[in-house]
Student: 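The structure is given below, and queries will be raised subsequently.
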Amino acid sequence: MLLWMNPRGPWLFHSSGSSSPLSPPPSLSVPPLPPPSLSVSPAAVQEVVDRPEAVRQAFRHAWLGYKSYAWGHDELKPVSKTFAEWFGLGLTLVDALDTMWILGLKEEFSEARGWVEKDLSFSRNVDVNLFESTIRVLGGLLSTYHLTSDQLFLEKAIDIGSRLMPAFNTPSKIPYSDVNIGKGTAHPPRWTTDSTVAEVTSIQLEFRELSRLTGDPQYQNAVNEVTRLVHNLAGKKDGLVPMFINTNTGHFSHKGVFTLGARTDSYYEYLLKQWIQGGKTEDSLLEDYLHALEGVRSHLLRQSGPSQLTFVGELSHNRFNPKMDHLVCFLPGTLALGAHHGLPGDHMDLAQQLMETCHQMYVQMETGLSPEIAHFNLPPATDGRDIHVKTPDRHNLLRPETVESLFYLYRFTKDPKYQDWGWDILQSFNKHTKVATGGYTSINNVRDPVNPGPRDKMESFFLGETLKYLYLLFSNDTELLSLDKFVFNTEAHPLGTT
Ligand code: DMJ
């Protein structure tokens, strides 16, 4: 139980040692005071909840499962009490390093550091996804180095960063999606020569930071070239980008769908964040970001009925589709960050409206957890509900985007409602996704609180991102990872700014 009442009880103010003028003088003939009544006014009950500590408890519980059944492996399968391997790089452990540091979990951190030192080897004949290993492994190592100044993490970051470089050896300089980090070879997926746009445009913060720390420009040169190519590319719609890009031609492919969800989301996020990372001097990044937001306003932004929730839909071959991925809930936070760094005030207004919508995607579900994808009702055709969830979209993967945005919104507005919304989300995770023997699990159905259907998978980003953002949301120390000094990569790893 995380909720403590004042241990001395709400009736404390009756029991002062000195007699009040209204109370009878102490006398043996006076009947004893009645037992403390529970019917006191709510204001008299002091509810003290240590929210940051509740996040630490959640982390420890997740870690217990990982340590017991998946130590050194990529992901915990908490229900079957085993593990799943993706790249074989201890993904959860590496993704969680800086979270442990920030939460002050020294013992856990030091044990994990020991594993990195002794057992984390990148000299393996294994294909890894360039984007995922950059944001989770390279990003995690760089931020842990930044926080701890421990050379071990920089050495490991240089090792994995160098091994990922063959991905850029393509005819177009747009990187392949997969790299064999042991053999030093790279290739696209078996079925296509395309890469996804978000994947090739959301590795820049990490490689630029690696160049800054090592003084070796090869990393930033490779990713800056990708940014330059995409900046000059035809086929955008008012700053909005298609979902795929061909590694041979360097052109967008499968054009016609524009979304801020899967496959393009962090393209937009990294335009702004690179601009901040570089000391707000690279004008073309800011131009592309502002242009894209115009595109969002013109083509993707609508209000639902009956409650007029502002949402970001998709454009599919010129037809508007009122579908919003939970992934899009990164946008309120990014908009707020831009406003904090001097962009127009209406970015903050839009951030607050979208934050409300993402909040509704949680509170309107029976479990209090958002589905992976929401469909919004367009007025006037309304059946009384703003949000619909299709059967295949009812799952929740413990994703971070909403709590991430809540953190930014709270930092910049200090409105406690954002903390309260995050608190409710943590309670819902605890109620519906916590596995008794350790760990948290993705679930199949956010509309069924009785049987949400555990999926038996704890994604590494639950520890790397979701719990970290919840902790930062509940911390009132605004100097903790100041947003004037740090920029978070898309996996919640804080990196330095110029
Ligand atoms: C994470 O790996 C990153 O946040 C990425 O940008 C999107 N997908 C997951 C979390 O949802």
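Source: prediction; values computed, not measured. In each ligand, atom 1 is the first atom listed, and ligand 1 is the first ligand listed.
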Student: Take the angle between the ring planes of Tyr469 and Phe488 and call it parallel below 30°, perpendicular above 60°, tilted in between.
Tutor: tilted

Student: Mark up the atoms of ligand 1 that fall under 4.0 Å of a heavy atom belonging to Pro400, in ascending order.
Tutor: 10 (C), 11 (O)

Student: Any idea which protein heavy atom is nearest atom 8 (N) of ligand 1, and the distance to it?
Tutor: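 Scanning the protein heavy atoms, the shortest distance from atom 8 (N) of ligand 1 goes to Arg399 NH1, 3.6 Å.
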
Student: Going by the side-chain contact (heavy atoms from CB on, under 4.5 Å) test, name the single residue among Leu331, Leu335, Val241, Val328 that passes it with Tyr268.
Tutor: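 Single side-chain contact (heavy atoms from CB on, under 4.5 Å) partner of Tyr268 among Leu331, Leu335, Val241, Val328: Val241.
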
Student: Give the contacting part of Ala198 toward ligand 1: side chain, backbone, both or neither, where contact means a heavy-atom distance below 4.0 Å.
Tutor: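 Neither part.
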
Student: So which heavy atom in the protein is nearest atom 6 (O) of ligand 1, and how far is it from that ligand atom?
Tutor: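 It is Thr490 OG1, 2.7 Å.
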
Student: Should the pair Glu225-Arg228 be classified as a salt bridge under the 4.0 Å nitrogen-to-oxygen rule?
Tutor: yes

Student: What is the nearest protein non-hydrogen atom to atom 10 (C) of ligand 1, stated with its residue, atom name and distance?
Tutor: Glu401 OE2, 3.3 Å

Student: If you count the atoms of ligand 1 from 1 in the order shown, which ones are under 4.0 Å from a heavy atom of Glu491?
Tutor: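 Numbered from 1, ligand 1 contributes 1 (C), 2 (O), 3 (C).
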
Student: Tell me yes or no: between the side chains of His326 and Tyr362, is some donor less than 3.5 Å from an acceptor?
Tutor: yes

Student: Below 6.0 angstrom between ring centroids: does that apply to His61 and Tyr440?
Tutor: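 Centroid distance His61-Tyr440: below 6.0 Å, so yes.
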
Student: Relative to ligand 1, is Glu269 under 4.0 angstrom through side chain, backbone, both or neither, heavy atoms considered?
Tutor: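 Neither part.
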
Student: Tell me which part of Leu397 gets within contact of ligand 1: side chain, backbone, both or neither, using heavy atoms under 4.0 Å.
Tutor: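 Neither part.
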
Student: Against heavy atoms of Phe461, which atoms of ligand 1 measure under 4.0 Å?
Tutor: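 Listed by number with element, the hits are 1 (C), 2 (O), 9 (C), 10 (C).
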
Student: Evaluate the salt bridge (Lys or Arg N to Asp or Glu O under 4.0 Å) criterion for residues Lys323 and Asp325: first the C-alpha distance (whole Å), next the side-chain angles of each, then the deciding distance (0.1 Å), finally the verdict.
Tutor: CA-CA 7 Å; Lys323 156 185 184 274; Asp325 294 352; 3.3 Å; yes

Student: With no hydrogens and no angle check, do the side chains of Asn180 and Thr185 hold a donor and an acceptor under 3.5 Å apart?
Tutor: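 Thr185 and Asn180 do not have a side-chain donor-acceptor pair below 3.5 Å.
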
Student: Using heavy atoms and a threshold below 4.0 Å, how should the contact between Arg136 and ligand 1 be classified: side chain, backbone, both, or neither?
Tutor: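 Under 4.0 Å from ligand 1, Arg136 contributes side-chain atoms alone.
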
